[in-house]
Amino acid sequence: MNATPSFLPPNKWAKLLPREFYERPAYEVAPELIGCVLRREIGGQVLRAIICETEAYQGQDDQACHARGGPTPRCQVMFEEAGHAYIYFTYGMHWMLNVVCEEKGTPAAVLIRAIYPLDGLEKMQELRPRLAGTESWLGGPAKLTEALGLDRSMNGADLCDPESGLRVETGIYVPSEIIQITPRIGIKYAPEPWQSMHWRWVVAYPQMADLIGQARIRENMPVSKETLPLTGLP
DNA sequence: TACATGATTTGCT
DNA sequence: GCAAATCATGTAA
């Protein structure tokens with residue numbers, strides 16, 4: 001990957017996505033999150049990245065969803081207010097980042113599977129030195145949580161709080177033609193039709209790089225006519 | 001309390 | 001292309 005691009009416009013243009021954005025089914029939120037900016041503040045540093053890949057997990061009917069059996073200590077957050085982070089541990093070593101959707105009581109979340117770095121590359125490489133610099137070093141749900149320093153301690157974090165160390169901002173416009181829609185990854189245990197539901201949205205890295213170079217700012221998010229201004233930006 | 005397994009990554013063949 | 005790594009979680013007992 002090339003050096004940190006200064007392609008995106010100044011941070012002061014970014015808007016925090018409001019809670020209403022998340023208060024709908026995950027399969028509606030997931031494609032809308034493509035192109036949005038994930039913003040992390042850790043150790044006094046700001047890390048930013050564009051969301052490239054998402055998956056939707058929707059409701060107790062969805063047999064691939066952690067919440068299919070009702071609330072448990074792990075997935076409790078999915079039943080709570082939308083706009084919070086659901087971060088869980090799996091395979092004995094990996095943390096996964098999700099964004100909680102839907103009204104309280106209806107479990108739903110969007111798994112963030114890949115991001116493209118904008119700012120704070122140095123810090124990300126420090127947090128995740130193994131493959132830093134290679135093309136896909138943030139292309140994978142466990143890779144990005146490591147690079148952003150996300151773990152249990154950020155589970156339940158409010159992504160809509162301007163003071164939060166993890167939040168989501170408006171980003172770039174991504175034409176729907178370049179978004180691939182496929183079945184979800186790693187859920188072969190799930191019965192049909194859930195295993196084959198096309199609830200995964202992907203933009204390939206090279207195409208995302210091109211888009212970021214063009215920096216077409218996405219002015220209007222579908223649900224959020226009113227967005228909250230960001231504060232305290234460097 | 002015990003046990004099977006996973007929204008994965010990596011390295012080796 | 002395949003299998004090991006590694007442990008919290010959930011389900012069963």
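All heavy atoms count here, side chains included; hydrogens, waters and symmetry mates do not. A note on names: the letters A, B, ... follow the listed sequences, proteins ahead of strands, and every chain is numbered from 1.
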**Fill in**
Symbol by symbol from the 5' end, with Watson-Crick or G-U pairs under 3.5 Å, [ ] crossing and | another strand, DNA chain C is |||||.||||||.
**Item:** Nucleotide B:dA7, atom P - distance to CG of A:N155 in whole Å
**Value:** 16 Å
**Prompt:** Whole Å only: how far is the CZ atom of A:R113 from the C1' atom of B:dT9?
**Reply:** 11 Å
**Test item: A:E192 side-chain N/O and A:S196 main-chain N/O as donor-acceptor pair under 3.5 Å** = yes
**Asked** What does A:A109 touch in the nucleic acid at a heavy-atom separation under 4.0 angstrom: a base, only the sugar-phosphate, or nothing?
**Response** nothing
**Message:** Under a 4.0 Å threshold between the charged nitrogen and the carboxylate oxygen, would A:D161 count as salt-bridged to A:R19?
**Reply:** no
**Prompt:** Salt bridge check: are A:D119 and A:R39 linked by an N-O gap of less than 4.0 Å?
**Reply:** no
**Item:** Nearest-Å distance once atom C1' is located in both B:dT5 and C:dA3
**Value:** 16 Å
**Gap between atoms CD1 and P, on A:I87 and B:dT8 respectively (whole Å)** = 16 Å
**Asked** Under a 4.0 Å N-O cut-off, is there an ion pair linking A:E169 with A:K15?
**Response** no
**Message:** Does either side chain, that of A:E80 or that of A:Q76, offer a donor lying less than 3.5 Å from an acceptor on the other one?
**Reply:** yes
**Message:** Under 4.0 Å, heavy atoms only, any strand: does A:R184 hit a base, just the sugar-phosphate, or nothing?
**Reply:** nothing
**Message:** Please classify the nucleic acid contact of A:Y57 as base, sugar-phosphate, or nothing, using heavy-atom distances under 4.0 Å.
**Reply:** base
**Message:** Please report the distance, rounded to the nearest Å, between CD in A:E146 and C1' in C:dA5.
**Reply:** 14 Å
**Message:** Does the structure place the NZ or CZ of A:R184 under 6.0 Å from the centre of the six-membered ring of A:Y57, at an angle of no more than 45° from the ring's axis?
**Reply:** yes
**Fill in**
Rounded to whole Å, the CZ-C1' distance (A:R68 to B:dT5) equals 11 Å
**Message:** Assess whether a salt bridge exists between A:R24 and A:E103, defined as any Lys/Arg side-chain N lying under 4.0 Å from an Asp/Glu carboxylate O.
**Reply:** no
**Message:** Within 90° of 0 counts as syn, otherwise anti: where does B:dA7 fall?
**Reply:** syn
**A:I212 versus A:Y116, closest heavy-atom pair with distance** = CD1-CD2, 3.5 Å
Are there any protein N/O atoms within less than 3.5 Å of an N/O atom in nucleotides 7-13 of chain C, and if so, which ones and at what distance?
| residue | atom | partner | partner atom | Å |
| --- | --- | --- | --- | --- |
| C:dG10 | OP1 | A:T72 | OG1 | 2.0 |

**Request:** Round to a whole Å and report the spacing from CH2 of A:W95 to P of C:dT6.
**Result:** 16 Å
**Request:** Look at A:Y86 and B:dA7 and indicate whether a side-chain polar atom (N or O) is within less than 4.0 Å of OP1 or OP2.
**Result:** no
**Complete:** Rounded to whole Å, the NZ-C1' distance (A:K188 to B:dT5) equals 11 Å
**Asked** A:L111 near the nucleic acid: base, sugar-phosphate alone, or nothing, with a heavy-atom cut-off under 4.0 Å?
**Response** base
**Prompt:** With sequence neighbours excluded, what pairs up with A:Y88 under the ring pair (Phe, Tyr, Trp, His ring centres under 6.0 Å) test?
**Reply:** A:H66, A:Y86
